[in-house]
Undergrad: 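The structure is given below, and queries will be raised subsequently.
Heavy-atom basis, side chains included; hydrogens, waters and symmetry copies ignored.
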2 protein chains.
Amino acid sequence: MTGGPVDRRDGTRLLRSPRRSGIVEVARMAGVSRQTVSNVINDRAGYNEATRKRVEKAIKALGYRPDRAARSLRSRRTMQLAYHVPLEDLDPLNHPFAVGFLQALILAADAKRYHILTFTAAPNELGPFEDLVAMRVADGFVLSNSAVDDPRAKFLAERHVPFVCMGRLAPHLPQSWVDVDNAGGVASMVDYLVKQGHTDFAYVGYGGANYWDIEREEGFRLGLHRNGISPTARSIVRVNGGDLHSSISRLLQRPARPRTVVTGSDLIASVAFGVAYMCGLAPGRDLAITGFDGTWLHNLFEPPLTTVRIPLAAIATALVVRCLEEIEDGPVERPGLIVPTEIFAGSSA
Amino acid sequence: MTGGPVDRRDGTRLLRSPRRSGIVEVARMAGVSRQTVSNVINDRAGYNEATRKRVEKAIKALGYRPDRAARSLRSRRTMQLAYHVPLEDLDPLNHPFAVGFLQALILAADAKRYHILTFTAAPNELGPFEDLVAMRVADGFVLSNSAVDDPRAKFLAERHVPFVCMGRLAPHLPQSWVDVDNAGGVASMVDYLVKQGHTDFAYVGYGGANYWDIEREEGFRLGLHRNGISPTARSIVRVNGGDLHSSISRLLQRPARPRTVVTGSDLIASVAFGVAYMCGLAPGRDLAITGFDGTWLHNLFEPPLTTVRIPLAAIATALVVRCLEEIEDGPVERPGLIVPTEIFAGSSA
DNA sequence: TTGAAAGCGCTAACAG
DNA sequence: CTGTTAGCGCTTTCAA
């Protein structure tokens with residue numbers, strides 16, 4: 001038998017460094033107590049500069065990283081944020097946005113040494129939320145695609161679980177959200193187009209109940225109004241996933257077709273491109289087309305799409321910062337944050 | 001002062017159930033030792049049916065879920081898989097695929113009560129991998145977009161960290177990968193088209209060094225060959241992100257333009273659609289076009305795209321199963337798994 | 001400024 | 001089949 005207190009043959013392969021070096025080994029190497037090592041790691045006070053140097057040298061030499069589980073158990077912090085990934089087929093039109101958002105979120109969290117844990121749930125299914133909360137898998141939640149009166153937000157608020165939301169929430173819910181200035185974005189696009197000399201506008205947006213679709217359409221009206229242009233009833237076309245192609249076709253085949261089409265998403269714009277070509281109109285020359293989102297999609301456009309860009313990095317950073325504040329300090333009484341958009345100037349308009 | 005052993009005022013809000021009910025409370029309620037409760041939870045042997053019933057009743061009554069950190073610390077299992085999300089702008093053409101894959105992965109992991117933790121790293125940057133391994137944040141890794149000789153795979157293999165890979169790996173690396181039958185997929189598409197009466201083929205694929213692009217092109221040749229058709233040198237067009245539009249334009253404006261265009265991705269197909277319209281050709285009528293991937297993108301096509309569908313759910317499930325086996329049993333000596341594709345019949349061809 | 005003691009909530013190992 | 005004992009690796013608390 002070996003001399004150790006317990007003879008543990010470690011048959012199964014676990015996730016471990018080549019040579020395990022606990023905090024004690026670091027302490028021994030640096031000639032301090034393990035407490036001091038802990039203090040240095042969590043940069044708390046309680047040691048002098050020389051000590052810190054020695055400890056850090058030992059940490060580097062041993063390649064030491066504190067064990068996450070042990071740390072979490074003691075400190076009650078998992079250093080993880082749970083992100084509810086919207087269900088695949090529920091809103092495929094949001095996909096171009098989804099990848100960029102996740103990426104931005106991961107990077108924003110990383111800057112605060114946090115990780116993003118992803119999960120899904122069927123619509124109105126709160127079980128997965130329950131589980132994560134009860135098992136304490138994450139310190140807080142990130143929601144996107146939120147309804148104004150979101151059941152997930154309601155649930156988390158009731159449970160006093162820290163969370164943030166990409167998308168505004170009704171006043172009776174915590175105002176821990178960050179959102180895009182949808183109306184302002186479209187309105188500023190109209191401004192931009194008017195400056196280019198455009199006067200003959202139409203708008204194509206989703207006709208769903210999502211507040212952002214309503215706001216973008218509102219932004220179109222606002223933009224026209226403040227430029228002294230009055231929209232005709234027929235200049236606003238509401239589409240949904242299914243009739244995208246045919247609706248836009250009809251619009252462009254009107255006897256008096258518009259010369260400038262502002263749309264509520266890059267995806268709609270992409271379909272408009274196709275229809276334009278189909279009608280023998282070259283986007284950017286015979287017909288101006290603009291989008292909304294500014295995701296990777298515009299790599300596909302020919303000519304490059306002029307669009308309203310959603311500043312994902314700024315949004316993700318704001319979300320993470322707010323979430324960590326909620327985690328640290330409890331409910332933060334503060335209004336939601338509305339982030340302005342930018343115009344991405346392509347040559348489609 | 002309170003009567004408890006320690007007077008802990010809990011000022012900061014943590015992620016916790018409304019009423020915390022440890023395993024001891026469940027044990028007391030069920031009238032058993034806490035070990036028995038643990039056994040029931042982890043469905044190990046060591047109790048009779050009646051006991052189990054009582055314990056489960058108590059668990060439900062108290063809404064008890066074992067604390068993840070405590071569990072991980074003791075059992076050395078985090079119940080998490082780390083998924084390396086490819087960097088945003090590195091390969092935007094892969095995005096349509098990315099969302100669906102992540103979703104499939106989350107669901108596959110969930111079926112095994114595992115969670116997916118996402119992270120990114122700059123190209124050839126292994127630091128984030130180091131960190132996750134050393135802190136034991138996950139039990140294993142999932143990689144996608146792998147190169148055949150992937151440095152990430154090499155690193156993890158050297159460290160004896162369990163991992164799986166979406167995409168084949170060179171023989172000197174662990175064969176813990178799952179991949180699509182790229183060649184077979186395109187070849188079967190050619191079969192399908194020949195059955196429809198097509199004879200006049202061209203192929204448009206990425207000209208990059210990715211093996212899957214090479215394989216898809218190879219599949220095209222194979223498909224033609226086994227149908228007794230010989231490809232002309234000019235019938236295969238290699239494109240890259242930038243010249244997509246112009247290359248396809250040139251192809252379709254040849255004096256003897258092909259009547260059937262097989263492509264290496266839905267994205268290429270989408271551009272081909274645009275160009276076809278631009279040339280006054282209706283896809284599905286004047287020109288057959290097919291894709292590869294079968295993601296949500298085909299929601300956009302008019303008419304619906306005929307494409308080679310990658311079975312994401314099957315792939316994700318296979319990946320998770322293999323990864324858990326590696327975690328449980330150590331390195332599994334077993335060849336990589338190649339998953340067959342399916343034809344999604346739209347009306348573009 | 002540092003060190004020692006205690007214990008986070010659970011599961012592994014072994015004794016009844 | 002059940003209960004007891006130990007301790008995962010770290011941070012918190014408190015005493016020196």
Undergrad: If the condition is side-chain hydrogen bond (donor to acceptor under 3.5 Å, both in side chains), which residues does A:N39 pass it with, not counting sequence neighbours?
TA: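 A:N39 satisfies side-chain hydrogen bond (donor to acceptor under 3.5 Å, both in side chains) with A:Q35, A:R44 only.
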Undergrad: Round to the nearest Å and state the distance from B:E49 atom CD to D:dT2 atom P.
TA: 11 Å
Undergrad: Have a look at B:R44 and say if it touches a base, only the backbone sugar-phosphate, or nothing, with a 4.0 Å heavy-atom cut-off.
TA: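 B:R44: backbone/sugar contact only, no base atoms under 4.0 Å.
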Undergrad: Does a side-chain N or O from A:R76 land closer than 4.0 Å to OP1 or OP2 of D:dT11, or not?
TA: no
Undergrad: Looking only at side-chain atoms of B:R74, point me to the closest of D:dA6, C:dG3, C:dC8.
TA: D:dA6
Undergrad: Taking atom P of D:dT2 as reference, at what distance in whole Å does atom CZ of B:R28 sit?
TA: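 Spelled out: CZ on B:R28 to P on D:dT2 is 20 Å.
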Undergrad: Hey, is CG on B:N48 packed in by over 12 heavy atoms from elsewhere, all under 6.0 Å?
TA: yes
Undergrad: In this structure, how many angstroms lie between the P atom of C:dA13 and the CG atom of B:N42, rounded?
TA: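 The answer, rounded to whole Å, is 13 Å.
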Undergrad: Might you work through the ring pair (Phe, Tyr, Trp, His ring centres under 6.0 Å) test for B:F101 and B:Y83, ending with a clear yes or no?
TA: CA-CA 11 Å; B:F101 182 69; B:Y83 171 52; 5.6 Å; yes
Undergrad: Nearest to the side chain of B:T36, which nucleotide is it out of C:dG9, D:dG9, D:dT2?
TA: D:dT2
Undergrad: Which part of the nucleic acid, if any, lies within reach of B:N39 when heavy atoms closer than 4.0 Å are counted: base, sugar-phosphate only, or nothing?
TA: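 Nothing: the residue B:N39, judged by heavy atoms under 4.0 Å, touches no strand.
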Undergrad: Between D:dG9 atom P and A:D67 atom CG, what is the distance in whole Å?
TA: 7 Å
Undergrad: Not counting sequence neighbours, which residues clear salt bridge (Lys or Arg N to Asp or Glu O under 4.0 Å) with B:R152? List them please.
TA: B:D150
Undergrad: Round to the nearest Å and state the distance from A:Y47 atom OH to C:dT2 atom C1'.
TA: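 Result: 13 Å.
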Undergrad: Provide, to the nearest angstrom, the distance between the CD1 atom belonging to A:I23 and the C1' atom belonging to C:dG3.
TA: 13 Å
Undergrad: I need the CG-P distance between A:N48 and C:dG3, as an integer number of Å.
TA: 11 Å
Undergrad: If you assign B:Q35 and B:L73 each to the DNA chain C nucleotide with the nearest heavy atom, which residue ends up on the more 5' nucleotide?
TA: B:L73
Undergrad: Check whether the ring centres of A:F119 and A:H84 lie less than 6.0 Å apart, and answer yes or no.
TA: yes
Undergrad: From the set D:dT2, C:dG3, D:dA6, return the single nucleotide nearest to any side-chain atom of B:T51.
TA: D:dT2
Undergrad: Tell me whether the side-chain N/O atoms of A:S38 come closer than 4.0 Å to OP1 or OP2 in D:dT11.
TA: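 It does, given that an N or O in the side chain of A:S38 lies less than 4.0 Å from OP1 or OP2 of D:dT11.
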Undergrad: What is the separation between atom CZ on A:R68 and atom C1' on D:dT11, rounded to the nearest whole Å?
TA: 14 Å
Undergrad: Here's a test of your reading of the structure: between B:V32 and A:I41, which maps to the more 5' nucleotide of DNA chain D?
TA: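 Its nucleotide being nearer the 5' end, the pick is B:V32.
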